[in-house]
Amino acid sequence: EIQIITDWINFSDLYIYWDSLSSKYLLKTKMNEKFVFKIHSKDKIYNGQIIGDLISNTYNTPTGGIVKYLDLPVSKYPSGNEKDAYEILGPGYVLLIPEETHE
């Protein structure tokens, strides 16, 4: 699992609704961007907390590929409870090299 946090976003004119297909609350912006909430009703929200994930097919590929990192500074030691989670310390690039397929 790769978690990349690239920016914070400030919105107005939001629409929050229950999605019966995913059984989760979704947030929709006026630009038709959709986010799924990672928090539940009555949960406390803290400064800097991630409360949702963008729903996007931008990086989906039919066959997959290899993820490479270019000039991406990360911490030397794992962060949080995940043993493979490292904090990103500055800007860089995450590249997806699509898998080559033949018929």
Quick one: side-chain contact (heavy atoms from CB on, under 4.5 Å) partners of I55, sequence neighbours excluded? L26, K34, V36
For D19, enumerate each residue passing the side chain to side chain donor-acceptor pair (under 3.5 Å) test, keeping only those at least two apart in sequence or located in another chain. S22
Can you check side-chain contact (heavy atoms from CB on, under 4.5 Å) on V74 and L89, steps first, answer last? CA-CA 5 Å; V74 296; L89 303 174; 5.6 Å; no
Heavy-atom closest pair, residues K28 and Y17: CB-CE2, 4.0 Å
Distance from K24 atom NZ to K38 atom NZ, nearest 0.5 Å? 10.0 Å
Could you list the residues that satisfy side-chain contact (heavy atoms from CB on, under 4.5 Å) with F37, not counting sequence neighbours? I16, Y25, L27, I39, I51
Quick check on the hydrophobic clustering: are L14 and F35 connected, directly or via other members, by side-chain heavy-atom contacts under 4.5 Å? yes
Are L95 and L72 connected in the hydrophobic side-chain network, where two residues link if heavy atoms are under 4.5 Å apart? no
Nearest heavy-atom pair of P91 and P73: which atoms, and what distance? O-CD, 3.4 Å
